[in-house]
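Structure first, then comments.
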Amino acid sequence: MLQFIFWCSLLLVLYTYVGYAIIIYVLAKYRPYQPQAQIHSVNEEQLPEVTLFIAAYNEADIIAEKMANCRALAYPKHKLKILWVIDGSSDHSEVLLQQYPDVQVVSSPLRKGKTAAINHGMSVVHTPIVVFSDANCFLNTDALTIIVHQFNDPSIGCVSGEKRVAFTDGDTISSKGEGTYWKYESLLKKLDFQYYSAVGAAGELFAIRTALFTVMPEDTLLDDFMLSMGIAQKGYRIAYTPDAYAVESGSLNMEEEAKRKRRIAAGGWQSINRLLPLLDIFTYGKLSFQYLSHRVLRWSVTPFALFALLPLSFILGLGYVSPYNVFHVIFASQVLFYLCAGIGYLQRDHPNVSKLFYVPYYFIFMNINVVLGIYYLFGNQHRGGWEKSQRK
């Protein structure tokens with residue numbers, strides 16, 4: 001029985017982090033999605049009106065820089081509406097935004113959280129396309145144009161841009177680890193879309209057809225994921241376009257990154273529960289396969305399987321004398337991996353830490369926080385208000 005659990009755990013870990021990437025690469029290359037309708041390009045005069053939607057809580061320090069970025073976007077000015085939704089801020093955000101007469105501001109005196117702010121703000125959006133962006137990230141000049149062109153395909157209901165984490169050689173693991181993870185994640189999203197559909201959108205930059213918006217429960221933790229997957233559940237695809245990207249700095253330190261990861265992990269557990277119908281592969285086919293492989297396993301059973309491998313390989317190895325037995329080799333490999341992660345942990349605040357150490361540490365760190373996300377979700381830490389990690 002222990003051997004059965006061990007081999008199942010090992011295969012699950014390998015499939016989640018390596019196997020699926022290989023399978024989706026092959027599928028994307030040899031069985032890519034073929035549009036059922038001819039896609040026509042549009043010129044500047046035919047571009048639709050777009051609302052750039054920015055939900056914010058206490059972002060006064062970044063408003064001027066964000067607005068400069070918004071005004072630098074290469075999209076027809078008469079077709080671009082900028083909407084700020086201020087959710088119970090205690091700073092002077094609204095006063096600062098009054099300096100921009102072309103900006104629409106919707107505010108709430110109570111701090112209810114980002115999901116509530118999105119629900120509130122969408123009641124005043126009347127353009128056919130709405131693009132969501134965080135206040136603390138900055139878009140490349142052509143981002144909106146690139147995103148809008150994806151909607152020329154009628155099968156597309158949501159478009160996800162790419163999240164990029166800015167870091168330098170002088171940054172610590174909190175930035176470098178997050179940046180490396182998002183490079184891997186971006187590759188998977190690109191392959192997912194080539195095969196059929198991306199699995200969720202990044203809140204830093206994504207767009208939807210306004211008509212497809214559905215009001216979400218205010219306690220929703222991953223509003224971007226739930227909103228985008230809700231659209232996919234209706235039969236639309238989620239496009240992924242890395243040429244439209246949002247750049248933000250990494251977390252201030254690993255303690256701040258841990259807050260963010262636990263909240264995301266809790267949101268993952270919550271999303272699995274609320275999107276249970278998507279696990280029906282007979283109804284959702286390709287999307288169900290992608291959702292299960294890319295998200296559900298990573299957010300649920302795989303971290304437990306990962307941490308079970310070390311004690312299982314040690315116990316099973318006790319029955320063999322040869323040091324070259326498979327259980328001994330796997331146990332020794334894990335010990336080496338955890339030692340590298342431990343060195344990464346000890347050097348987490350040093351800028352010159354090697355990839356050999358910070359990649360294993362960040363990987364273990366992420367999986368630990370998936371487990372801790374259960375406590376976050378069902379403990380007393382979860383509330384509807386904003387909980388932002390400090391960034392550089």
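- At a cut-off of 3.5 Å, with distance as the only test, no side-chain donor of Asp280 or Ser288 sits close to an acceptor on the other residue.
- For Lys286, the NZ atom sits in a packed shell: over 12 heavy atoms of surrounding residues, nucleotides or ligands are nearer than 6.0 Å.
- Salt bridge annotation for Arg71-Asp102: present, with a cationic side-chain nitrogen under 4.0 angstrom from a carboxylate oxygen.
- Lys79 NZ: more than 12 foreign heavy atoms inside a 6.0 Å radius.
- Taking the six-membered ring where the residue is Trp, the centroids of Phe289 and Tyr196 are separated by 6.0 Å or more.
- Within a 6.0 Å radius of CZ in Arg31, no more than 12 heavy atoms belonging to other residues, nucleotides or ligands are found.
- A salt bridge is defined here as a Lys NZ or Arg NE, NH1 or NH2 lying under 4.0 Å from an Asp or Glu carboxylate O, and Asp224 with Lys114 fails to meet this definition.
- Without hydrogens or angle criteria, Asn367 side chain to Ile364 main chain gives no donor-acceptor distance under 3.5 Å.
- What you find for Ser197 and Ile238 is that their closest heavy atoms are OG-N, 2.9 Å.
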Under the ring pair (Phe, Tyr, Trp, His ring centres under 6.0 Å) criterion, do Tyr236 and Phe151 qualify, and how do the steps go?
-> CA-CA 11 Å; Tyr236 292 87; Phe151 287 107; 9.8 Å; no
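- Looking at Lys355 and Thr180, their side chains never bring a donor and an acceptor atom within 3.5 Å of each other.
- More than 12 non-hydrogen atoms from other residues, nucleotides or ligands lie less than 6.0 angstrom from CZ of Phe213.
- The aromatic ring centroids of Tyr361 and Tyr358 lie 6.0 Å or more from each other.
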Pair Ile54-Cys70, side-chain contact (heavy atoms from CB on, under 4.5 Å): steps then yes or no | CA-CA 10 Å; Ile54 306 163; Cys70 291; 4.0 Å; yes
What's the verdict on salt bridge (Lys or Arg N to Asp or Glu O under 4.0 Å) for Arg298 and Glu185, showing C-alpha distance, side-chain angles and the deciding distance?
-> CA-CA 12 Å; Arg298 196 189 297 182; Glu185 182 65 20; 2.9 Å; yes
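- Counting heavy atoms of neighbouring residues, nucleotides and ligands inside a 6.0 Å radius, atom OH of Tyr25 does not exceed 12 of them.
- Aromatic rings from Tyr245 and Trp182 are positioned such that their centres are separated by 6.0 Å or more.
- For the residue pair Tyr240/Glu162, the side-chain donor-acceptor check at 3.5 Å is satisfied.
- Closest approach of Asp87 and Gly113 over heavy atoms only: OD2-N, 2.9 Å.
- Checking Arg295 against Ser271 by side-chain atom types alone, no donor-acceptor pair falls below 3.5 Å.
- For Tyr291 and Tyr284, the ring centers are positioned 6.0 Å apart or more.
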